[in-house]
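What follows is a set of notes on a single structure, which appears directly below.
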Amino acid sequence: LIETNQFQGGIMLLPSIWASLAHCWLGLDELPRSFQCYQQSLGYQGGGRDSSLWFGVGLLYNRYGADDLAIESFSTVLKLEGYLKINKNE
């Protein structure tokens, strides 16, 4: 569970723990805490390729009312899962 990232109080957590915390905070409608945890998890190498994280980020943006960002996050999920072609010119 412990690795190289810090949270308040100097606790170091693995990216999978950050992701789990983000999903839990989202379920509890604690949006700022959820956002912080998603940022921590996505900040790790390879975190940007985790479709479940991007799905959670999309839900978070949707709850904030940031529909364009939510759609962008959900599109990322579809691209990562192979349902949309990735345009290399983007």
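We're numbering straight along the sequence, starting at 1.
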With rounding to the nearest 0.5 angstrom, report the [atom1] to [atom2] distance, [X] to [Y].
X: L80; Y: S75; atom1: CG; atom2: OG; answer: 11.0 Å
X: L60; Y: L26; atom1: CG; atom2: CG; answer: 6.0 Å
X: W25; Y: W18; atom1: CH2; atom2: CH2; answer: 11.0 Å
X: E30; Y: Q36; atom1: CD; atom2: CD; answer: 12.0 Å
X: N62; Y: F74; atom1: CG; atom2: CZ; answer: 6.0 Å
X: D50; Y: T76; atom1: CG; atom2: OG1; answer: 12.0 Å

Around atom [atom1] of [X], are there more than 12 heavy atoms from other residues, nucleotides or ligands closer than 6.0 Å?
X: Q39; atom1: CD; value: yes
X: F55; atom1: CZ; value: no
X: R49; atom1: CZ; value: no

*Let me see the working for F35 and Y61 under side chain to side chain contact (heavy atoms under 4.5 Å, CB included), right down to the final yes or no.*
CA-CA 9 Å; F35 185 79; Y61 283 138; 4.1 Å; yes

*Taking all non-hydrogen atoms of both residues into account, name the closest pair between A70 and G58 and its distance.*
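A70 and G58 have their closest heavy atoms at CB-O, 3.5 Å.
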
*Within one Ile-Leu-Val-Met-Phe-Trp-Tyr cluster: W54 and I71, side-chain cutoff 4.5 Å*: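 W54 does not cluster with I71.
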
*asked:* Main chain of L69, side chain of S73: is a donor-acceptor contact present, judged purely on distance under 3.5 Å?
replied: yes

